[in-house]
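Order of listing sets the numbers, starting from 1, for every ligand and every atom in it.
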Amino acid sequence: MKLSWSDVTPEALFLNRRSFIASLGVAAAAPALAAVEKPNSFEQITNYNNFYEFGFSKTDPADNAGQLTTDPWAVEIGGLVDRPGSYSVADLAPANAVEERIYRLRCVEAWSMVIPWLGVPLAGVLEKAGVQPGAKFVAFETLYRPEEMPEQRRRSMDWPYREGLRLDEAMHPLTILATGLYGKPMPNQNGAPIRLVVPWKYGFKSIKSIVKITLTDRQPVTTWQAMQPREYGFYANVNPQVDHPRWSQATERRIGAGLLGGRQETLMFNGYGDQVAQLYAGMDLARDY
Ligand SMILES: Nc1nc2c(c(=O)[nH]1)N[C@H]1C(S)=C(S)[C@@H](COP(=O)(O)O)O[C@H]1N2
Ligand SMILES: [Mo]
């Protein structure tokens with residue numbers, strides 16, 4: 001089912017949710033989806049960003065990402081797959097397959113937004129590439145292009161930005177490759193032309209401007225875990241009970257809520273626990289943070 005943002009009347013929103021719940025194939029999907037909050041404005045979503053390739057302040061991506069060339073674009077899919085190769089954005093997310101997903105995004109820095117993404121389930125993309133039986137993890141890499149990404153010309157981080165998921169997390173129906181928001185193509189500052197969105201994990205897992213996807217049997221090295229392993233784990237599930245060593249994760253500041261908006265409680269798995277908690281059954285989430 002396809003819906004543009006401008007089509008979203010309350011009724012259409014309801015229908016969209018129903019088809020999404022049907023696609024999940026689990027009754028447990030309903031509670032979290034019923035709690036759809038008011039999305040942040042396009043203005044807020046595109047002017048308060050983390051995209052360190054363009055600088056470290058929240059307005060640097062909006063100021064500097066305009067120069068990024070996003071067409072042509074190729075995503076190399078490789079490793080333990082039957083059909084490795086170079087895929088275009090249209091191959092991965094054909095227009096007729098793109099659906100709207102309104103998700104909360106919770107940054108590890110304790111701010112949050114609600115964003116109406118457009119995208120496709122990552123599971124479908126991986127199935128098309130043909131995941132081989134030995135694959136256990138998926139590794140992702142962002143573009144390395146210092147000519148267009150000013151912070152890559154400095155050695156401030158170990159570029160390119162890298163992320164990873166366990167295969168079952170990658171195949172989960174909530175995990176998407178997003179190609180747009182608010183019914184429009186993805187703005188450069190939000191990770192054009194294609195980025196990951198994993199709504200139950202801290203925002204840094206949702207890697208932008210992806211050029212490489214590798215299926216592997218080893219847990220991949222990820223940028224933040226490599227840089228500060230005590231502060232940022234591989235799992236990075238949103239968890240109000242496990243604080244960052246330097247600040248509490250119990251509450252968050254919703255961007256745009258204003259001075260009187262105050263802080264709101266952070267939800268376990270960012271409110272998606274009914275859908276994802278079983279992925280972590282038996283794990284100690286304070287150790288595997
Ligand atoms: N390549 C890359 N991806 C990235 C980042 C980044 O700096 N580089 N920042 C991450 C962080 S910390 C967050 S919170 C989200 C922010 O996404 P948004 O700017 O679209 O809200 O992108 C994530 N993806
Ligand atoms: Mo973040």
| Does K208 make a cation-pi contact with F54, if we ask for NZ or CZ under 6.0 Å from the ring centre and within 45° of the axis? | no
| task | Check Y161 against ligand 1 and report side chain, backbone, both or neither, counting heavy atoms closer than 4.0 Å. | result | side chain
| task | Anything under 30° is parallel, anything over 60° is perpendicular, the rest tilted; go ahead and classify F137 against F234. | result | perpendicular
| message | List ligand 1 atoms under 4.0 Å from C107, heavy atoms only on the residue side. | response | 14 (S)
| query | Among protein heavy atoms, which lies nearest atom 15 (C) of ligand 1, and at what distance? | reply | G203 O, 3.6 Å
| query | Considering only heavy atoms, which of K58, R195, M149 lies nearest to atom 20 (O) of ligand 1? | reply | R195
| query | Applying a strict 4.0 Å limit to heavy atoms, is S206 in contact with ligand 1? | reply | yes
| remark: Checking heavy atoms under 4.0 Å, the part of M113 that sits near ligand 1 is neither
| Main-chain N/O of V108 paired to Q249 side chain as donor or acceptor, under 3.5 Å | yes
| Taking atom types as modelled and ignoring hydrogens, do the side chains of K58 and N50 form a donor-acceptor contact shorter than 3.5 angstrom? | yes
| field | Atoms in ligand 1 with a heavy atom of N190 nearer than 4.0 Å | value | 18 (P), 20 (O)
| message | Give me the residue, atom name and distance of the protein heavy atom closest to atom 7 (O) of ligand 1. | response | Y52 N, 2.8 Å
| N/O separation below 3.5 Å, Q189 to ligand 1 | no
| message | Please report whether ligand 1 has a polar contact with W111, defined as an N or O pair separated by less than 3.5 Å (distance criterion only). | response | no
| query | Considering only heavy atoms of I207, which atoms of ligand 1 have at least one such atom less than 4.0 Å away? | reply | 3 (N), 24 (N)
| field | Residue portion contacting ligand 1 (non-hydrogen atoms closer than 4.0 Å) for E53 | value | side chain
| Considering only the protein, which heavy-atom contact is closest to atom 9 (N) of ligand 1, and what is its distance? | N50 O, 3.1 Å
| When the aromatic ring centroids of W224 and Y232 are compared, is their separation below 6.0 Å? | yes
| query | Tell me, which protein residue and heavy-atom name are nearest atom 18 (P) of ligand 1, and how many Å apart are they? | reply | K208 NZ, 3.4 Å
| Considering only the protein, which heavy-atom contact is closest to atom 21 (O) of ligand 1, and what is its distance? | L105 CD2, 3.7 Å
| query | With distance as the sole test, does Y182 use its side chain to make a donor-acceptor pair with the main-chain N or O of I115 at under 3.5 Å? | reply | no
| Hey, does K205 sit under 4.0 Å from ligand 1 if you only count heavy atoms? | no
| Side chain, backbone, both or neither: T142 near ligand 1, heavy atoms under 4.0 Å | side chain
| field | A93 to T179 - nearest heavy-atom pair and separation | value | CB-CG2, 3.7 Å
| said: I need the single residue from K136, K201, K205 that forms a salt bridge (Lys or Arg N to Asp or Glu O under 4.0 Å) with E169. Which is it? | reply: K201
| field | Contacts of type salt bridge (Lys or Arg N to Asp or Glu O under 4.0 Å), residue R263, not counting sequence neighbours | value | none
| request: Could you tell me the separation between the CH2 atom of W159 and the CE atom of M149, rounded to the nearest 0.5 Å? | output: 8.5 Å
| message | Any side-chain to backbone donor/acceptor pair from Y235 onto R287? Under 3.5 Å, distance only. | response | no
